[in-house]
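Each remark here refers to the structure printed beneath this line.
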Amino acid sequence: MTERMPALHPWPLATLLERVEREWTAKREIYGLQGRRFFKQDPKADLSCTLGGHQVATPVGPAAGPHTQLAENIVLSWLGGARTFELKTVQVLDELDIERPCIDMQNVGYNIEWSQELTLTESLAEYTKAWLMLAVLRQWEPLREFLGETGDYAFEMSVGYDLAGIQSPTMDAFIRGMLDVGPALEKLRAEIPAAFADQRDVPVATRLFQHVTLSTFHGCPPDEIEGIVEHMMSTYDLDVTVKLNPTLLGIDTVSEILHDRLGHDEVELDPAAFAADLKFDRALAMIGRLRDFAAARGREFGLKLTNTLVVKNTRSVMPGDNMYLSGKPLHLMAMTLLERLHEALPGQLRIAGQDGPVPVAFSAGIDKDNVAEAVALGLAPVTICSDLLKPGGYGRMTQGLRKLSRAMGEAGAADLAGWQAAAAKAALAAGHNDAVAHRVADLATPEGYARYALPKTGKALREVDHQLEMFDCVACTNCVTVCPNNAFLSVPSSEMEGLEAKAQYLVLAELCNDCGNCTTFCPEVGAPHVIKPRLFLDAGNWKMRGKDGFVVEKDGTVRGGEGAEQIASILAQAPWSLVD
Ligand SMILES: Cc1cc2nc3c(=O)[nH]c(=O)nc-3n(C[C@H](O)[C@H](O)[C@H](O)COP(=O)(O)O)c2cc1C
């Protein structure tokens with residue numbers, strides 16, 4: 001049997017934190033995200049909310065996906081204002097080989113990803129590292145001076161996809177590990193580098209997450225959803241959210257939204273996906289039973305709208321017969337589903353117009369321009385995936401939160417309750433019963449859905465008729481910001497002899513899983529993650545990868561094939577050092 005080649009080689013804690021210190025000191029940036037793009041709480045707009053009895057400072061965060069696999073991604077989201085993190089789904093099959101490319105975000109979002117690419121053991125280590133990093137950075141004086149008190153946050157574990165898998169000894173060990181990371185934290189504290197020495201004793205909770213979301217995707221049997229929720233509640237005493245799929249709307253409604261309203265005739269629906277998934281009436285009965293089951297145990301049962309939509313893979317970008325649609329069109333589907341549930345479950349949901357026991361989280365086509373509207377409906381948390389994969393990356397979350405704060409200020413709302421009350425008042429004034437009905441009615445009008453429709457989302461990306469090369473390019477920086485793993489390094493090069501571009505781009509190979517998102521947004525012809533110099537910091541990883549690329553030694557020497565010397569001189573120009 002050949003040994004499995006891991007897609008990612010997470011950086012150790014010391015390397016990650018040392019980079020933070022060097023980069024911040026030299027450039028006022030962290031992992032390529034400029035300080036001016038960090039989210040700073042507006043003291044006049046209190047964005048805090050309560051999730052499962054726990055206060056978080058904003059209701060926004062990354063959805064389960066490529067932004068919640070690695071520790072540095074979680075830090076980047078936090079800098080962008082995330083205070084709730086839906087961790088990448090884990091499951092018993094933890095050695096998946098995902099085909100590449102696996103992300104296609106040109107217009108509508110598509111992907112063929114599955115669950116965590118790290119093993120369960122690696123995932124636990126990575127999430128623990130992220131948890132400690134947030135505690136350290138929250139107290140780190142240079143950042144505190146810049147951001148002030150950043151407030152509380154919570155991790156949300158995501159699991160899939162069947163009862164037997166979730167009850168397996170390996171998943172049980174993972175979940176119990178997440179519930180008490182005490183021993184691992186103690187080991188990690190010793191790795192905190194000198195620049196953060198005064199944070200080695202920073203207080204950190206040993207429980208990593210507050211509640212769990214069940215992904216009912218990838219063939220999760222409808223019959224087993226209830227069993228899984230009950231198992232999680234009774235075995236681990238957890239609050240549980242069920243992430244529903246847009247197939248609940250039925251194929252006719254989905255087609256009306258996607259094809260008739262939004263004009264996406266090119267998208268081919270897959271009737272088999274609708275046939276296999278949970279049906280609406282059954283979902284209603286299940287929600288009632290799980291609400292009661294949770295109440296009897298003093299736990300909370302919630303819903304999340306929605307996961308992606310399985311469609312036929314008619315594009316020649318990613319391999320396979322099916323792909324999963326996300327982004328703008330999904331927004332209309334999830335809002336329509338919200339309204340249907342709102343009508344069918346009066347007094348049951350904890351959203352605008354109701355004050356029921358079942359909280360509703362939202363994750364479908366949220367972007368900087370609609371996050372305020374979603375939060376106004378009482379949805380929490382509101383999480384984002386596709387929009388963060390567009391140029392600007394994690395900084396787009398900051399923009400959305402700033403817009404929300406501004407809108408609250410204009411409405412005279414000091415907190416989210418005030419913001420929701422303002423939306424309710426506007427709904428009544430417009431002749432609707434509540435803000436959900438108002439929002440959905442708006443999205444059914446051509447003016448309301450125009451920004452989600454094909455003419456806007458179908459725009460071609462900018463293209464330059466030039467073959468991408470190892471050095472020099474149009475230097476648009478898209479590869480840096482669209483990479484969820486922060487696997488691109490940009491080094492200014494305008495002063496460098498023999499180079500023309502204002503910046504050179506290097507791939508941090510250990511953090512790159514070849515998802516292909518940089519290729520989509522690169523205006524030149526070629527794949528940046530393959531063509532640009534691939535740098536390893538660990539010689540062992542470089543050898544494991546067949547010495548494909550370059551290894552950067554501690555003294556700054558670069559070893560590898562042709563171009564090694566030029567890479568070393570580029571790295572020497574960087575305002576902060578990648579190695580010691
Ligand atoms: C590349 C990619 C990977 C994803 N992986 C997961 C996952 O592991 N678990 C999950 O529950 N949802 C996953 N999702 C779905 C997202 O969490 C989110 O619910 C969905 O994409 C809708 O939000 P969006 O329109 O903001 O992308 C993934 C989405 C994308 C685009």
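Start at 1 and go down the list; that is how both ligands and their atoms are numbered.
Counting atoms of ligand 1 from 1 in the listed order, those under 4.0 Å from a heavy atom of Thr306 are 19 (O). Close contacts of ligand 1 with Ser215, meaning ligand atoms under 4.0 Å from a residue heavy atom, involve 11 (O). Shown in contact with Gly365 at under 4.0 Å from a heavy atom are these atoms of ligand 1, numbered in order with element: 24 (P), 25 (O), 26 (O). Applying the 4.0 Å criterion to heavy atoms of Trp114 picks out, from ligand 1, the atoms 8 (O). Residue-ligand proximity, Ile103 to ligand 1, at heavy-atom distances under 4.0 Å covers atoms 1 (C). Within ligand 1, counting atoms from 1 as listed, the ones closer than 4.0 Å to a heavy atom of Gly65 are 3 (C), 4 (C), 5 (N). Ligand-side atoms of ligand 1 in range of Pro66: 1 (C), 2 (C), 3 (C), range being under 4.0 angstrom from any heavy atom. Annotation for ligand 1: atoms under 4.0 Å from non-hydrogen atoms of Met105 are 31 (C).
For atom 20 (C) of ligand 1, the nearest protein heavy atom (residue, atom name, distance) is Thr308 CG2, 3.8 Å. For atom 19 (O) of ligand 1, the closest non-hydrogen atom on the protein side is Ser363 OG, 2.7 Å. Lys243 NZ, 3.1 Å is the protein heavy atom nearest to atom 12 (N) of ligand 1. Protein heavy atom at the shortest distance from atom 5 (N) of ligand 1 is Lys88 NZ, 2.9 Å. From the protein, the heavy atom lying nearest to atom 30 (C) of ligand 1 is Asn111 ND2, 3.3 Å. Protein heavy atom nearest atom 13 (C) of ligand 1, with residue, atom name and distance: Ala64 O, 3.0 Å. Protein heavy atom nearest atom 3 (C) of ligand 1, with residue, atom name and distance: Glu113 OE1, 3.2 Å. In terms of protein heavy-atom proximity, atom 9 (N) of ligand 1 is closest to Thr89 OG1, 2.5 Å.
Checking Pro62, Cys385, Pro484 against atom 29 (C) of ligand 1, the nearest heavy atom belongs to Cys385.
Among all heavy-atom pairs drawn from Leu33 and Gly395, the shortest one is CD1-N, 3.8 Å. Residue Lys368 comes nearest to Asp387 through the heavy atom pair N-OD2, 3.8 Å, listed as atom of the first residue, atom of the second, then distance.
Between Arg100 and Asp514 no salt bridge is recorded (no basic side-chain N to carboxylate O distance below 4.0 Å). No salt bridge links Glu266 with Arg315; every basic N to acidic carboxylate O contact stays at or beyond 4.0 Å. Salt bridge Asp223/Arg282: present, at least one basic N to carboxylate O contact under 4.0 Å. Salt bridge Lys88/Glu117: absent, no basic N to carboxylate O contact under 4.0 Å. Salt-bridge check for Glu373 with Lys403: failed, with every basic side-chain N at 4.0 Å or more from each acidic carboxylate O.
Considering backbone and side-chain atoms alike, Asp387 places every N or O at 3.5 Å or more from each N or O of ligand 1. The shortest N/O to N/O separation between Gly327 and ligand 1 falls below 3.5 Å. In terms of polar-atom proximity, Ser386 is counted as a contact of ligand 1, with an N or O under 3.5 Å from an N or O of the ligand. Here's the thing with Leu330: none of its N/O atoms is less than 3.5 angstrom from an N/O atom of ligand 1.
Between Leu238 atom CG and Thr241 atom OG1 the span is 10.5 Å, to the nearest 0.5 Å.
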Could you pull out every donor-acceptor pair under 3.5 Å between side chains of residues 333-341 and any protein atom, sequence neighbours left out?
from, atom 1, to, atom 2, distance (Å)
Thr336, OG1, Leu332, O, 2.6
Arg340, NH1, Leu249, O, 3.3
Arg340, NH2, Thr253, OG1, 2.9

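In this structure, Leu47 and Phe39 have side chains that are in contact, with non-hydrogen atoms separated by less than 4.5 Å.
Atom CZ of Arg291 is surrounded by more than 12 heavy atoms from other residues, nucleotides or ligands within 6.0 Å. Annotation: Asp321, atom CG; neighbour count of heavy atoms from other residues, nucleotides and ligands within 6.0 Å does not exceed 12.
For Trp419, there are no ring pair (Phe, Tyr, Trp, His ring centres under 6.0 Å) partners at least two apart in sequence or on another chain.
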